[in-house]
Amino acid sequence: MSESITPNGGAKYSNNKNKALASKKGNDSYYKNVLLIGSPNVGKSLTFNKLTGMTAMVSNYPGTTVDIDEGNFTYENKTVHITDPPGLYDLNTITEEERVAKLLVLDKRFDLMVHVVDAKNIEKSIDLTLQLIDAGKEVILVLNMMDELEKMGATVDAPSLSHELGIPVVLTAAAQNRGLDDLKHTIVNYDSIENQILSESKTLLDVDYGRSIEIAISEIQRNIKGNYPVSKRYLAVSLLEGDEDSEDLLMESEDWDNLSQVIGAQKAKFDQPVKYLTKLRLADYAKHIKSSFTTIDSVNIQDTDSLGEKLSRIMIHPFYGLIILACVLFFGLYLIVGVLGAGILVDFLENTIFGQYINPAVTSVVVQYIPWVPIQNLFVGEYGIVTLGLTYGFGIILPIVSLFFIVFSILEDSGYLPRLALLVDNGFKRIGLSGRSVIPFVLAVGCGSMATMVTRTLETKRERNIATMLMALTIPCSAQLGVIMALLSARPRSIWIWLAVIVFNFVVIGYLAKRFVPGAQPSFFMELPPLRWPKLSHIAKKTWTRLVMYIKELIPIFILISVIIWALDLVGIFQWIIACVTPIVNAIGLPGSTSSSFVLGFFRRDFGAAGLMTIQNQLTGVQLLVASVTLTLFLPCVAQLMIMIKERGVKLAGLIAVMSIVLAFSMGFIVNFILTSLNVVL
Ligand SMILES: Nc1nc2c(ncn2[C@@H]2O[C@H](COP(=O)(O)OP(=O)(O)OP(=O)(O)O)[C@@H](O)[C@H]2O)c(=O)[nH]1
Ligand SMILES: [Mg+2]
């Protein structure tokens, strides 16, 4: 994404949602335009949902929100507009999605910043509050998760803290609906006049960066002439810290040659990066806030014997952690998604509901009322909308992804995923990634398109590129995985070989990517949220939201694909494409009847795998395995390809597409060659 801030506070964005946001600039039909801001995983989205009655995604891991959600609430007859962006730790952002939030902070459109903080972690988060105040913003500090703080036995002296900071402080526990009316009341009654005393010339705050930095700040500040949506003091500090967004902002409207000289001269006075020095001062101040206005320090003796703590330690233990992971994979993926979803549910829906009831009924109606065979075929032929599109969509794919989403929601709500990230961090470093990318990867097992979007949470461009590539090349989506498991389940040895080939590709490609993809090696830092019992209401809500999204995206594509294939079939092109693919398919030891699965697989990966399912009785064990390996490594589905182009650009997406075709058929060829040479019977 390429955003830049303009001096008048409007933001230029490249995606449509943000354009819609930008067009609301200056919309004063709302009493207040509020930006919810805060670190990842502090309860911003839950607060947003409770305030607006909407359903933004909420989960127990950092980086849930990668897009911007918007909504309204009305209180005391005043309508307030709220925006829920991705989380950010402070204004010195690292990742691309954090930057989305930061650019919104710097934007003039928002009247009020509601800074949501996990009360237990006030020390880590308060520097953002200080930065926001320093930036001349109206700020409310919300200390959320008070229930958890109270459970620790700690308290917060909100009135004194509010007095110290010169801004309102509200205590909430969003999960228990506590403090939300107080927050609404504070938002609509926020007295902007009172906060003008916090303007750049007359800051009430005690944050003083120390004499030499303060001198440098005022020197730079004196040389900034224009008017900006943030205070000159903030700009001066961030310029001194080398912040590129502030440089971009000022470059257009200031005498940049002069200003950059002044900045350079001031920076040269310090032998350490100013960013480091300012961070130290803010950290001191944060410590003071924690010790003076909360009792966290006195109770913060880690309850190391609690079940949660014990479980948490086991989850990140290098050996026991892997056993837990194996259990999660066995119960979650194999038993629930594979056996229950792809086996029992699909069997019932595809063979009984569609096979015995819906398809025969629709076929007889269509044959009775539509005399023309090609049109009959459009609905109920080999590639018909009902017999192919809807049967695959509702009968095979939907039950599998539904169960995957349930399992994923349980994992994310419990707080297991960040622990998994920590567990695999070392291994992932070897393939150029960090533990952070485990979340997009687990999500990719559900839906690669969604996961490709979530790679935005990764720190460096290099890591995002590697993750996107590995996902597209080697990670099957849940629908595909479910179908493949069902295909191979009668032959457990095949599953192991399939798994070994996929893992081998993952490791080799990752290793090569680490060596050859340019860019910096990522570092890893992720806060571990507490383990929580997953809430049934959250799981239900999240599964439902994801399913609705999936159906909206999926079913139209399935119908469209049926129509396209029907049309191609009608004019003979589909047969021609299949004929072209057949020699390649034969070369990897598969019969011509599998060609259509590969052509279908080009439209959607799972679609291809589902195609294999219908002809499985015609294939030998080795052929089933070769077909499964090739299809897994084959092109990502159309939706994922489109998102890859959007997120990573045409060049990389194209390269990945070509690589996947070559890789898929080469691996298919090799597996077939080895197994047939050794006369293996599966
Ligand atoms: N105990 C407790 N849990 C809470 C509270 N507020 C939120 N949570 C939980 O904290 C987790 C994170 O909530 P989200 O609303 O997704 O957090 P977020 O700040 O939007 O996170 P990102 O989108 O990742 O930046 C979820 O598991 C919530 O259920 C609270 O007041 N008390
Ligand atoms: Mg969120």
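Both counts, for ligands and for their atoms, begin at 1 and track the order of listing. Both backbone and side-chain heavy atoms feed into the values below; hydrogens, waters and symmetry mates do not.
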Is the closest N or O pair between [X] and ligand 1 shorter than 3.5 Å?
X: Thr172; value: no
X: Pro40; value: no
X: Asn144; value: yes

Atoms in ligand 1 with a heavy atom of [X] nearer than 4.0 Å:
X: Ala173; answer: 31 (O)
X: Glu148; answer: 1 (N), 2 (C)
X: Ala175; answer: 2 (C), 3 (N), 4 (C), 5 (C), 30 (C), 31 (O), 32 (N)

With sequence neighbours left out, what residues match Glu148 under salt bridge (Lys or Arg N to Asp or Glu O under 4.0 Å)? Lys120, Arg532

Applying salt bridge (Lys or Arg N to Asp or Glu O under 4.0 Å) to Arg436 and Glu463, what does each step give before you reach the verdict? CA-CA 10 Å; Arg436 239 177 203 266; Glu463 196 178 0; over 6 Å; no

Tell me every residue that passes side chain to side chain donor-acceptor pair (under 3.5 Å) with Thr74, counting only those two or more places apart in sequence or in another chain. Thr79

Does ligand 1 have an atom that lies less than 4.0 angstrom from a heavy atom of His538? yes

Please check: side-chain N/O of Ser162 versus main-chain N/O of Ala158, any donor-acceptor pairing under 3.5 Å? no

Short side-chain to backbone donor-acceptor contact, Lys50 and Ala174, under 3.5 Å: yes

Taking the cut-offs as 6.0 angstrom to the six-membered ring centre and 45 degrees off its axis, would you call Lys184 and Phe73 a cation-pi pair? yes

Taking heavy atoms and a distance under 4.0 Å, where does Arg532 meet ligand 1: side chain, backbone, both or neither? side chain

Residue portion contacting ligand 1 (non-hydrogen atoms closer than 4.0 Å) for Leu46: both

Between Asn144 and Val42, is there a side-chain heavy-atom distance shorter than 4.5 Å? no

